[in-house]
Amino acid sequence: TAVSPQAGPACRVAQSLAQYCVGANYAWAMAEGLFLLRLLVATSGRRCVPAFLLLGWGVPVLFVVPWVVLRYLYENEGCWERNEKVAVWWVIRCPILVAVAVNFVVFVRIVRILVAKVRAHQVSRGDTRLRLARSTLTLIPLLGVHEVVFALAGEGEGGGGLRLAR
């Protein structure tokens with residue numbers, strides 16, 4: 001895509017900001033999952049709030065800034081919307097995949113805790129399993145667990161059925 005010399009830098013800044021926002025989205029999902037796990041395991045999570053804020057807003061900077069530098073040095077064409085050099089794209093993609101993997105582990109641990117609590121109380125009410133199912137189904141989009149299925153689906157053009165489903 002041809003970008004005028006005047007629009008190029010603004011377009012690249014917008015693309016960089018978009019990548020930061022995507023990274024922050026995954027980082028915040030991970031922070032929320034870890035916070036929820038902390039609340040279930042420990043008595044309080046309030047002392048960790050600054051750490052979770054740093055995780056949500058700060059961690060994306062750690063991979064977006066190197067991505068911007070690499071894009072500028074090795075792939076400074078157009079509006080940075082295409083990912084021709086796969087190695088440069090993995091600077092963004094790897095931390096996102098790590099966040100998805102951490103959230104999946106957190107999800108499994110939370111579900112185990114919920115199942116243990118339901119079994120421990122042995123409540124005679126029939127809606128206990130329904131509550132557990134509802135809690136689990138609520139956690140799936142909250143923690144982005146559905147992303148595990150699509151984590152390695154291609155981001156580029158073309159693609160197969162998995163990319164189309166995504």
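Only heavy atoms go into these numbers, but all of them, side chains included; no hydrogens, no water, no symmetry mates. Note that the structure is a prediction, hence the values are computed from the model and not measured.
Residues satisfying the side chain to side chain contact (heavy atoms under 4.5 Å, CB included) test with Val98, not counting sequence neighbours, are Val102. In this structure Asn76 satisfies the side chain to side chain donor-acceptor pair (under 3.5 Å) test together with Arg12, Trp80, sequence neighbours excluded. Every residue was checked against the side chain to side chain contact (heavy atoms under 4.5 Å, CB included) condition with Val13, not counting sequence neighbours, and none meets it.
In terms of modelled atom types and a separation under 3.5 Å, the side chain of Gln19 and the main chain of Leu17 share no donor-acceptor contact.
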Only pairs under 3.5 Å count here: list side-chain donor-acceptor contacts from residues 48-56, not counting sequence neighbours, and write none if there are none.
none

Could you list the donor-acceptor pairs under 3.5 angstrom formed between side-chain atoms of residues 58-75 and any protein atom two or more places apart in sequence or on another chain?
| from | atom 1 | to | atom 2 | distance (Å) |
| --- | --- | --- | --- | --- |
| Arg71 | NH1 | Arg82 | O | 3.1 |
| Arg71 | NH1 | Asn83 | OD1 | 3.2 |
| Arg71 | NH2 | Arg82 | O | 2.9 |
| Glu75 | OE2 | Glu84 | N | 2.6 |
| Glu75 | OE2 | Lys85 | N | 3.0 |

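Residue pairs meeting the salt bridge (Lys or Arg N to Asp or Glu O under 4.0 Å) criterion with at least one member in residues 26-35: none, sequence neighbours excluded. Annotation: salt bridge (Lys or Arg N to Asp or Glu O under 4.0 Å) contacts involving residues 95-106, sequence neighbours excluded, are absent.
One finds the CD1 atom of Ile92 at 12.0 Å from the OH atom of Tyr20 (value rounded to the nearest 0.5 Å). Ile110 CD1 to Leu34 CG: the interatomic distance, rounded to the nearest 0.5 Å, is 8.5 Å.
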Exercise for review: Applying side-chain contact (heavy atoms from CB on, under 4.5 Å), run through Val108 and Phe104 and close with a yes or a no.
Suggested key: CA-CA 6 Å; Val108 169; Phe104 184 73; 4.0 Å; yes

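Note on Val105: it does not cluster hydrophobically with Leu36, by side-chain heavy-atom contacts below 4.5 Å among ILVMFWY residues.
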